[in-house]
Each structure stands twice: as structure tokens, then as C-alpha cells.
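Structure first, then comments.
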Amino acid sequence: MLKSTLTNDSYAEKKFKNLIQGGSGAFGNAATRLEMLAVKGSTYAYGSYPDLDELFQRQAAELDKQHRETILHKMQQIVHERTMYAPIWQLAFINGHGPRVGESGFGLIPGFAYTGPYEDITIKS
């Protein structure tokens, strides 16, 4: 049984060993959430890359929206290419639809666990 409480402090202090699953749930934009997971010294990061840390600092100081977006995409590309995380959980919900449904909406948005977009759901005549 895990004796320590699951708090950000416990994550930040790297107290958890052999933890199977944990998550952030951070609010904010993409750069803010990326900081929690991939920038040196952040709560959920267990290591970092100096070039990624430098890009984060540049992105945070940049005033031009287009340039910030370009830097963010580069940061996301680095995280993806270096496989800095392993998505081990894919949502799987039990869903169904009735005989009167024409287009249910399941699978219209790849990886989306629910029916959607709702505007595309149809009823048979």
C-alpha cells in the first residue's frame, strides 16, 4: 500500500518509486502542460534535455504569437521524436447505438472515446 499521499509535492520530490500510473491534469496552454512533464526541475520530469529547456525559456520570453507557436511545435516535435513518454493507457468505453441511428458518431474523430461531433449524428427515417 502506498503510504505517502499523492500530492504534487510528492511527485516533485520524486518520492514515488515503481509507480504504475500517474498523471498531471494541469490547466493552461500546451506550453504550460509541456513544462510540467518535460522541462528540467518540473514536477513530473525525471530528467531533461538542455535544448528543450532552452527552447522553453525562449518560448516563454517571445512576444510574437507566430514565433511562440513555431517554438512550441518544435518542442512538441522533440518530445515526440525522442519518445520522452510512453502512452500506456488508451481509453476504452463500452458504447452502443440503437437501430434507429443512421450515423452514430463513433469513430468519426480518431481516438475520441465518445460519439461526436454531435452535429453529424443522424436518425434513420
Side-chain angles (χ1 to χ4, degrees):
M1 179 164 182
L2 191 61
K3 292 185 180 186
S4 182
T5 58
L6 294 173
T7 65
N8 276 347
D9 292 339
S10 300
Y11 270 109
E13 294 165 8
K14 313 298 187 238
K15 288 183 177 180
F16 301 121
K17 303 296 180 210
N18 304 316
L19 184 67
I20 294 173
Q21 184 178 353
S24 165
F27 293 106
N29 60 21
T32 304
R33 292 190 305 274
L34 188 61
E35 176 187 19
M36 296 283 293
L37 300 166
V39 177
K40 182 178 182 177
S42 61
T43 304
Y44 300 102
Y46 282 77
S48 65
Y49 290 97
D51 55 341
L52 188 61
D53 295 340
E54 190 267 327
L55 278 172
F56 181 79
Q57 296 303 323
R58 279 184 35 215
Q59 195 269 350
E62 181 59 52
L63 298 177
D64 180 37
K65 182 179 177 182
Q66 284 297 109
H67 200 187
R68 269 197 326 269
E69 183 179 356
T70 302
I71 295 171
L72 175 64
H73 287 292
K74 180 64 178 168
M75 291 165 48
Q76 291 171 329
Q77 180 183 1
I78 289 171
V79 169
H80 175 74
E81 287 175 352
R82 296 180 186 174
T83 315
M84 295 171 63
Y85 66 95
I88 59 171
W89 181 3
Q90 182 175 2
L91 297 175
F93 292 92
I94 298 173
N95 292 306
H97 63 84
R100 296 183 334 147
V101 177
E103 180 73 45
S104 72
F106 291 115
L108 294 179
I109 302 172
F112 188 62
Y114 307 100
T115 58
Y118 292 117
E119 297 85 20
D120 293 348
I121 297 173
T122 61
I123 301 292
K124 291 180 184 174
S125 13

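Counting from 1, the numbers follow the sequence of the chain as shown. Hydrogens, waters and symmetry mates are skipped; everything else that's a heavy atom, side chains included, is used.
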Legend entry - Shortest non-hydrogen contact between I71 and L55, atoms and distance: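 I71 and L55 have their closest heavy atoms at CG2-O, 3.4 Å.
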Legend entry - D53 versus A38, closest heavy-atom pair with distance: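 Here D53 and A38 meet closest at OD1-O, 4.0 Å.
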Legend entry - Residue pairs fulfilling salt bridge (charged side-chain N to carboxylate O under 4.0 Å, His left out) with at least one residue in residues 55-74, sequence neighbours excluded: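 Listed by first then second residue: E54-R58.
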Inset, instruction - Can you run down the salt bridge (charged side-chain N to carboxylate O under 4.0 Å, His left out) pairs that involve residues 102-118, sequence neighbours left out, and say none if there aren't any? - result: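 For residues 102-118: none.
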Mind checking the [atom1]-[atom2] spacing from [X] to [Y]? Nearest 0.5 Å is all I need.
X: D51; Y: R82; atom1: CG; atom2: CZ; result: 4.0 Å
X: H73; Y: I78; atom1: NE2; atom2: CD1; result: 13.5 Å
X: S48; Y: F56; atom1: OG; atom2: CZ; result: 12.5 Å

Set of side chain to side chain contact (heavy atoms under 4.5 Å, CB included) partners for [X], sequence neighbours left out:
X: S104; result: H97, V101, F106
X: A30; result: R33, L72, Q76
X: P99; result: none
X: Q57; result: none

Legend entry - Residue list, side-chain hydrogen bond (donor to acceptor under 3.5 Å, both in side chains) with T122, at least two apart or on another chain: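 None.
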Inset, instruction - Taking side-chain hydrogen bond (donor to acceptor under 3.5 Å, both in side chains) as the test, write out the residues that go with Q66, two or more places apart. - result: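 Listed in chain order: nothing, the list is empty.
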